[in-house]
Amino acid sequence: MSSTAAPAVLPAVAAPRTYLVRTLGCQMNVHDSERLAGLLEERGYRPVADVPEAAARATDAGDGGADVVIINTCSVRENAATRLFGNLGQLASVKRERPGMQIAVGGCLAQQMRAGIVDKAPWVDVVLGTHNLDVLPALLERARHNAEAQVEIEESLKVFPSTLPTRRESAYAAFVSISVGCNNTCTFCIVPHLRGKERDRRPGDVLAEVQAVVAQGAVEVTLLGQNVNSYGVGFGDRGAFAKLLRACGSIDGLERVRFTSPHPAAFTDDVIEAMAETDNVMPSLHMPLQSGSDTVLRAMRRSYRQAKYLGIIDRVRAAIPDAAITTDIIVGFPGETEEDFQATLDVVEASRFSSAFTFQYSPRPGTPAADLPPVPQEVVTERYQRLAELQQRISTEENEAQVGRTVEVLIAEGEGRKDGATHRVTGRAADNRLVHVALPVGLAEDDRPRPGDMVTAEVTHGAPHHLVADSALTGGAFALRRTRAGDAWARREGLADDPHGHGEPVPGGPVTLGMPSLRR
């Protein structure tokens, strides 16, 4: 008589906790979100997009189906709080139906509102500020264990963000912070209060991180700081930023270097010379104007005047004739007269910006300008429309002037929303203009450009906000250059073999660098 042993019961494998980071605001916030993602992945969390069974739960609330949703906020816009609580309201019903789901809020608005976020949205589990990104995993665990919201806001930087692991959004382009915080006192801006005083990284640490992301496949790096051209003041070298740009020029494999944002008051000729003389520093410059009126600039505590600003533009154009210059402008700052506004229009006309980020002034609580008498809203709206029309005309003229130029485009992922219908690929030219590029008719799927590859084509049409390069459709210029960045993208997407064991680092993994301790 024989017997059959019962099959062993294997222990259930717990599904990984998934996360989604939603970013509101500037490139500094985008980079902070990469740090938050890196921290979570280091603790075993998975991006919800990588877990199909979790992603299938996604709702219209923007939760992505994740177990943990982090909203990284901005406080610059007037409707920032309204937008946040609108998003949180939508997530509340999802959380009720998803056991174990957690919601975290970080960024500048969290730094500003603190526990007020939980007071208005008690279903939020974690609130953390701009100075302590590193505590997110611990706060999530504590909130789960204690079954109550955890709010932790630091008044000053405790851990330099660049020491934290990073999950870069892009395999082919990377942000690298050179400083955090700001020493300026612009009367309309809440950022110095929320981000703190400027803290500079040592040049060797910055360059080590640049080399690390290039080794992972990136061919483009954007250097980030609230005021990049004041970099070096913290360690006694006012020429440090120009030197940093030149040093980036000697890094093998780094094809494109960009930076944002400089401040006109501290922008010096050595930076212009470094841009012009360093091959991989791109001919693009974002130079915030805010206002063309000396009276308004004085009220804003912007420590430059119209003549200085226009002088910078003239010297950049003389040294880098093909540079595309963009800007920020505020319309309707308290006390702005029609004469003041006309001065702004005059500077816009003279500067020939390729594009401009324009804003109607909105008071930020806690800033000096918030207590000043406002310009009537109907006046602000009318002026804003006039500025928009002027910049639209200039952008169109400047882009139409690009027709006939041959451009090399770094193909991007997700920038060309209509590419499938138009049979084009989309990316950025050296001067950062958005370019939609047609592919040759009958091009095989295996021969298509990948994100991170470079395509050369001739511009055939200029529109207000983009260029079209359809030269391939008529047998004109078209060339594809495969790059390490394209290879890195393919590996990340699982379309190419993992290079482990062949001496290459895996693209997109954590970048971790030691940093000296912060001195007080």
Side-chain angles (χ1 to χ4, degrees), residues 9-24 30 33-72 87-88 90-106 123-126 136-137 140-141 143-144 165-174 216-217 411-421 425-426 445-446 448-452 485-500 505-510:
V9 178
L10 298 176
V13 178
R17 280 184 70 74
T18 58
Y19 76 89
L20 174 73
V21 183
R22 292 172 56 182
T23 308
L24 312 177
V30 172
S33 291
E34 292 181 333
R35 304 292 187 195
L36 295 171
L39 285 161
L40 291 176
E41 293 197 17
E42 189 177 56
R43 295 294 186 92
Y45 290 77
R46 296 272 304 281
V48 68
D50 292 353
V51 183
E53 59 270 29
R57 304 179 299 186
T59 75
D60 292 339
D63 60 289
D67 298 304
V68 177
V69 177
I70 304 100
I71 303 180
N72 194 12
N87 288 331
L88 292 176
Q90 292 178 314
L91 290 172
S93 59
V94 179
K95 185 178 179 182
R96 284 194 295 270
E97 302 297 324
R98 186 173 300 160
M101 180 181 173
Q102 291 181 291
I103 300 170
V105 179
W123 55 92
V124 169
D125 299 275
V126 168
L136 175 62
L140 288 169
E141 291 302 315
R144 290 172 67 190
T166 302
R167 186 190 193 279
R168 298 193 345 256
E169 285 194 358
S170 169
Y172 48 87
Q216 291 180 330
I411 301 305
E413 186 173 31
E415 288 214 79
R417 288 172 293 185
K418 298 180 181 178
D419 284 351
V425 290
T426 295
E445 187 66 28
D446 288 347
R448 289 176 61 91
R450 306 161 301 180
D487 295 342
W489 176 86
R491 290 194 294 269
R492 177 180 280 192
E493 296 298 304
L495 303 176
D497 290 339
D498 191 302
H500 262 340
V506 178

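Quantities reported herein were computed from a predicted structural model and do not represent experimental measurements.
Checked against side chain to side chain donor-acceptor pair (under 3.5 Å), D63 has the following partners two or more places apart in sequence or in another chain: T59, R98. By the side chain to side chain donor-acceptor pair (under 3.5 Å) test, T426 is found to be paired with D419, H436, residues two or more places apart in sequence or in another chain being considered. Residues meeting the salt bridge (Lys or Arg N to Asp or Glu O under 4.0 Å) test with E41, sequence neighbours left out: R167. With sequence neighbours excluded, the residues satisfying side chain to side chain contact (heavy atoms under 4.5 Å, CB included) with R96 are A92, S93. With sequence neighbours excluded, the residues satisfying side chain to side chain contact (heavy atoms under 4.5 Å, CB included) with D67 are R17, T18, R57. R22 meets the salt bridge (Lys or Arg N to Asp or Glu O under 4.0 Å) test with no other residue; sequence neighbours excluded. With sequence neighbours excluded, the residues satisfying side chain to side chain contact (heavy atoms under 4.5 Å, CB included) with A143 are Q102, D125, V126, Q150. With sequence neighbours left out, the salt bridge (Lys or Arg N to Asp or Glu O under 4.0 Å) criterion links E415 to R428. For E169, the side chain to side chain contact (heavy atoms under 4.5 Å, CB included) partners two or more places apart in sequence, or in a different chain, are V30, E34.
The shortest distance between side-chain heavy atoms of L40 and L140 falls below 4.5 Å.
Each side-chain hydrogen bond (donor to acceptor under 3.5 Å, both in side chains) pair with one or both residues in residues 43-55, not counting sequence neighbours, appears once here: Y45-E141.
Taken from CD1 in I71 to CG in N87, the straight-line distance is 5.0 Å, to the nearest 0.5 Å. How far OH of Y172 is from CD of E413: 5.5 Å, rounded to the nearest 0.5 Å.
S33 and N72 get closest at one heavy-atom pair: OG-ND2, 3.0 Å. What you find for G65 and V48 is that their closest heavy atoms are C-CG2, 3.7 Å. L91 approaches A61 most closely through the heavy-atom pair CD2-O, 3.8 Å. Contact detail for M101 and V69: the closest heavy-atom pair is CE-CG2, 3.8 Å. For the pair L20 and G64, the tightest heavy-atom approach, listed with the atom from each and the gap, is CD2-N, 3.8 Å. Residues I411 and R450 come closest through the heavy atom pair CB-O, 3.7 Å.
Judged by distance alone, the side chain of W489 and the main-chain N or O of A412 form no donor-acceptor pair under 3.5 Å. No side-chain donor-acceptor contact under 3.5 Å links R35 to the backbone of G38. Side chain of K95 to main chain of I103: no donor-acceptor pair is present (N/O by atom type, distance under 3.5 Å, no hydrogens or angles).
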